[in-house]
Amino acid sequence: LAPVTNNVTEESAVITVADQAGKAVVEIKTTISSPDTFVQQEQKGIGSGFIVRADGYIVTNNHVVENAKQLQVILRDQAKKYDARVVGTSPLDDIAVIKIDAQDLPTLTFGDSHAIKVGQLAIAIGSPLGQSNSVTKGVISALHRSLQVPDPSNPGATEDILNAIQTDASINPGNSGGPLLNSAGQVVGVNFAIEQAQSGPGLGFALDGDAARDIANQLIQTGHVNQPFLGVSYQQLDETAATANALVVGALVTDVQSGSPASRAGVTAHDVIVKVNDPAIAHDNPLTSVPRQSAPRGQLPRARSRAS
């Protein structure tokens, strides 16, 4: 990551990122059909995205494009509106890739989100409340946050998003799918959620950039995401929770589905999975991300600790 030095003030870094990176940030307008008992209604939506390939591939949130019957993309420096199509989505990760028919477009690159530090400059670009290519700045407030969000496959239920990045850069409805950038103009996160305070500004959250990059690459290459099935429910244990319960950091298994790969491998409730292959299970490497790093139907070597 490019640090802000005495020769590069924070203000000039933001100005440069806004000017250069902003060229590759797009506004996404959606038309969604909402079936009703008597009449089918259309709803309009708006979100953000960013171009990752010069031939028109754009990363955004799944919830921005989900159920859309029409997608339009607007670039900052072009008056033309492009019709877009969905290349692939990963609802569990809230990542989608869409495409427009265009060439020689400006692009953004991903930085190393594992290298970001709390307190470093964070810049968000998007279309909050429909105001296209708006720029806000702040800092990385916290890392490895866990959020409960609506479960796209189970209406009324929620799911946990792990390893989210918290920022105080202002994020509002319409920012979803836009990039969270470092001072070098690299994508370190994908803005996706706001936790609204009762008074004053709320908290903004972004999906981990490294995970988003890997998911987007799979969607571009194959149109879908490798989602190997383990068959366990678990609770992530950080150092505080592990110490309080005389356990170790890892994934505390709370339930194992009968006949699942985990069951066949001998995993049982109250096991703590601490490692799969080399990386240790932790907030920056949660169990949900590990199967995707292994070949489908392959072996998942593991180390376990037993909870009493």
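Worth saying up front: this structure is predicted, and the values here are computed from it rather than measured.
Using modelled atom types, no side-chain atom of His114 and backbone atom of Asp112 make a donor-acceptor pair closer than 3.5 Å. Under a 3.5 Å cut-off, the side chain of Asp271 and the backbone N or O of Val253 do not form any donor-acceptor pair. At least one donor-acceptor pair closer than 3.5 Å links the side chain of Ser141 to the backbone N or O of Asp168. Side-chain N or O atoms of Thr243 include none that pairs as donor or acceptor with a backbone N or O of Thr240 at under 3.5 Å. When atom types are taken as modelled, the side chain of Lys99 and the backbone of Asp55 share a donor-acceptor pair closer than 3.5 angstrom. Arg145 places no side-chain N or O within 3.5 Å of a backbone atom of Phe205 that could act as its donor or acceptor partner. A donor-acceptor contact shorter than 3.5 Å is absent between the side chain of Asn182 and the backbone of Gly111. Panel note: side chain Ser263, backbone Ser260; no donor-acceptor pair is recorded below 3.5 Å. Distance alone, capped at 3.5 Å, places no donor-acceptor pair between the Asp208 side chain and the Ala164 backbone. Remark: the backbone N or O of Pro179 is paired with a side-chain donor or acceptor of Asn191 at under 3.5 angstrom.
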Determine, step by step, whether Ser48 and Asn175 satisfy the side chain to side chain donor-acceptor pair (under 3.5 Å) criterion, reporting the C-alpha distance in whole Å, the side-chain angles of both residues, the deciding distance to 0.1 Å, and the verdict. CA-CA 6 Å; Ser48 305; Asn175 272 117; 5.1 Å; no
Chi angles and distances behind the side chain to side chain donor-acceptor pair (under 3.5 Å) call for Thr30, Lys44: CA-CA 6 Å; Thr30 64; Lys44 302 291 185 180; over 6 Å; no
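For the pair Ile58/Val97, no side-chain contact is recorded, criterion being any heavy-atom separation below 4.5 Å from C-beta on. Inter-residue side-chain proximity for Leu121 and Val14 is flagged as met; some heavy-atom pair is nearer than 4.5 Å. Side-chain contact check for Val187 versus Phe50: some heavy-atom pair is nearer than 4.5 Å. Taking the side chain as every heavy atom from C-beta outward, Asn62 and Leu92 never approach each other to under 4.5 Å. Contact annotation: the side chain of Ile46 never approaches that of Ile28 to less than 4.5 Å [non-hydrogen atoms, C-beta and beyond]. Side-chain contact between Val65 and Thr60 is present, with at least one heavy-atom pair separated by less than 4.5 Å. Inter-residue side-chain proximity for Asn133 and Ile125 is flagged as met; some heavy-atom pair is nearer than 4.5 Å. Side-chain atoms of Thr167 and Lys137, non-hydrogen and from C-beta on, never get closer than 4.5 Å to each other.
Residue Leu203 holds its CG atom at 10.5 Å from CD1 of Ile194, rounded to the nearest 0.5 Å. In this structure, Lys81 NZ and Gln72 CD are separated by 5.0 Å, a value rounded to the nearest 0.5 Å. Annotation: the span from Ile171 atom CD1 to Ser176 atom OG amounts to 8.5 Å, rounded to 0.5 Å. Considering CD1 of Ile32 and NZ of Lys69, their distance stands at 11.0 Å, rounded to 0.5 Å. One distance of note links CG of Asp214 with OG of Ser90; it measures 11.5 Å at 0.5 Å rounding. From Asn172, atom CG reaches atom OG1 of Thr136 across 8.0 Å, with rounding to the nearest 0.5 Å.
Under a cut-off of 6.0 angstrom, the local environment of CD in Glu239 is sparse, with at most 12 non-hydrogen atoms contributed by other residues, nucleotides or ligands. Heavy-atom contacts from other residues, nucleotides or ligands closer than 6.0 Å to CG of Asp77 number more than 12.
Look at Arg76 and Glu27 and you find no salt bridge, because none of the NZ, NE, NH1 or NH2 atoms lies under 4.0 Å from a carboxylate O.
With no hydrogens or angles considered, a side-chain donor-acceptor pair links Ser12 and Thr9 at under 3.5 Å.
Cluster annotation: Val17 is connected to Val190 through the hydrophobic network of ILVMFWY side chains, with a link wherever side-chain heavy atoms come within less than 4.5 Å.
Ile140 and Lys117 get closest at one heavy-atom pair: CB-O, 3.6 Å. Of all the heavy atoms in Phe192 and His63, the pair that sits closest is O-CE1, 3.5 Å.
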